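Here the structure comes first, spelled out in structure tokens, and everything after it is commentary.
Each ligand, and each atom within it, is numbered from 1 in the order the structure gives. None of the values given here were measured: they were computed from a predicted structure.
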Amino acid sequence: MTFADPSIAVDALLASRLHNALPALWTNPARQAQPAAALPALGRTISLDDTHAAAARLARFAGLLADVFPELAATGGVVESPLLPAAALQPALGWAEGQGRLFIKADHSLPVAGSIKARGGMHEVLELAEGLALQHGLVQPGGDYRALATPAAREVLGRYQVAVGSTSNLGLSIGVVASALGFQATVHMSADAKAWKKDRLRQRGVQVVEHTGDYERAVAAGRAEASRNPMCHFVDDEQSFSLLLGYSAAALHLQKQLVEQGVVVDAEHPLIVYLPCGVGGAPAGITFGLRQVLGPHVHCFFAEPVQSPCFLVQMLADSTQGGGGHPSVYDWGLTNRTEADGLAVPRASLLAAELMQPLLSGVFTVADDTLFAHLVQMLDTLGERIEPSAAAGFSGPAMLMGTTAGQAWLRSAGIDAVLHQATHLVWTTGGLLVPDVQYQGFVQRGRTVRAAQA
Ligand SMILES: *Cc1c(COP(=O)(O)O)cnc(C)c1O
């Protein structure tokens, strides 16, 4: 190796941008166009059958969910979000003509949890409830799960506890769903979690335990407490297959929505998806599902805050050191401080990272100011309310089309020649439940950033 080797130069530049908390792009040299149908994932394998099983489980519970959550009555208990055409946003994002069209997958509007966590969180609580219900004879296989709403069934589930460690949205999802089914629900939060989230949980009968320190400390404390109670199920954001598979079911629905909107995905019409990433479970589950159902011409990129690029540094470690490490963003001299609280995670899920090795196209980072600017543009052009974490994907297209590293990737992936026929899909992951005062604060900061940019 010499300094003339261009990959060395790019890596050094990437490393320096990461260290200095500047927006950066990493693309995955290990991505495979045709990965195996069943992929290794922390000691087991995952295949599309698992995704179908998760979707079927959600469907079995739809009737019960519609009964338990009034906000789901209209959809018959189906928790899904629209796919929104967003051409109106393209000029605001500084997009040139002929670079494809933009859609938004509006998980910021997912009912019950108000974020993407509705998908995985709900699935894991339902899987637990289903196992216990069958074991205790509360329902029969293939029977009507609305039987679980009866006082007798709730009394049985109420003997069990569901616990989770979370900065925010995962706790909201798990806590609210578990409590609604009659479980004792406990959410371990870091002390800096937003007050409105703690309030919302307590109003729903969820026990909120506050811990000093960051997300990892809250998770560790929750895990330790849960391990002492055999009647407690701990939802492990970093290692849960159930969460991951719940997220992956989104791909099946999106596939139908793309057909409805006339979006074709093939070599001439690539689909590029931009997904906000925290620990990595949600975007990895979705990427797994999308690669299984749409094939090699869907390209998924994860988006992380410049101070919390845990997935990027994990993928970098795996690709440069042959795996084995589990670096944190602190190791890179970063603070893990960001207003994108859904993404403020110092260390990635190893399950998600292993699964993503042959599937993911890349990871990029985004500055907090940019999140707020995009949050405001989303409001002004489409009238949609998102939270800062949910805005992380919006800088993806510019990252690919407007940087040297991005353009090099577009060429190597064979996309530059067909870019005008590409579809860009930004996944907006949360916002529905953010109280108005909080949201107005976000908008104000976004307008200040925009004014400074003008
Ligand atoms: C949790 C979350 C994500 C990312 O999910 P992970 O599984 O942690 O990667 C993205 N956006 C929002 C709003 C979230 O709450």
Quiz prompt | Element-labelled atoms of ligand 1 that are located less than 4.0 Å from some non-hydrogen atom of Asn169 | solution = 13 (C), 14 (C), 15 (O)
Quiz item: Do Leu64 and Leu181 have side chains that get closer than 4.5 Å, going by heavy atoms?
Solution: yes
Exercise. May I ask you to list the atoms of ligand 1 that are less than 4.0 angstrom from any heavy atom of Cys277?
Key: 9 (O)
Practice problem: Compute the shortest N/O to N/O distance between Gly430 and ligand 1 and return yes if it is under 3.5 Å, no if not. | Solution: no
Quiz item: Which atoms of ligand 1 have any heavy atom of Pro276 under 4.0 Å away?
Solution: 4 (C), 10 (C)
Exercise. Run down the list Val279, Leu343, Leu243 and name the one with the heavy atom closest to atom 10 (C) of ligand 1.
Key: Leu343
Exercise. Return yes if a side-chain donor-acceptor contact under 3.5 Å exists between His233 and Gln161, otherwise no.
Key: no
Quiz item: Strictly by modelled atom types, are His297 and His269 linked by a side-chain donor-acceptor pair under 3.5 Å?
Solution: no
Quiz item: Should the ring pair Phe364 and Tyr274 be called parallel, tilted or perpendicular, given that the plane angle runs from 0 to 90° and is split at 30 and 60?
Solution: perpendicular
Quiz prompt | Residue pair Tyr145 / Glu130, side-chain donor-acceptor N/O under 3.5 Å | solution = yes
Practice problem: Kindly confirm or rule out an N or O of Gly278 lying under 3.5 angstrom from an N or O of ligand 1. | Solution: yes
Quiz prompt | Residue selection (non-hydrogen contact nearest atom 9 (O) of ligand 1) among Gly285, Gly280, Gly342 | solution = Gly280
Quiz item: Judged by modelled atom types alone, do Asp318 and Gln314 share a side-chain donor-acceptor pair under 3.5 Å?
Solution: yes
Quiz item: In terms of atom number and element, which parts of ligand 1 are under 4.0 angstrom from non-hydrogen atoms of Ser389?
Solution: 13 (C)
Exercise. Select the closest option to atom 1 (C) of ligand 1 among Lys117, Glu238, Glu387, Glu304, judged by heavy-atom distance.
Key: Lys117
Quiz item: Salt bridge check: are Asp369 and Arg445 linked by an N-O gap of less than 4.0 Å?
Solution: yes
Self-check item: N/O separation below 3.5 Å, Ala282 to ligand 1
Solution: yes
Quiz item: Can you list the atoms of ligand 1 that are under 4.0 Å from a heavy atom of Thr429?
Solution: 10 (C), 11 (N), 12 (C), 13 (C)
When the side chains of residues 65-76 are checked against the rest of the protein, which donor-acceptor pairs come out under 3.5 Å, sequence neighbours left out?
unit_1	atom_1	unit_2	atom_2	d
Thr75	OG1	Leu72	O	3.3
Thr75	OG1	Val78	N	3.3
Thr75	OG1	Val78	O	2.7

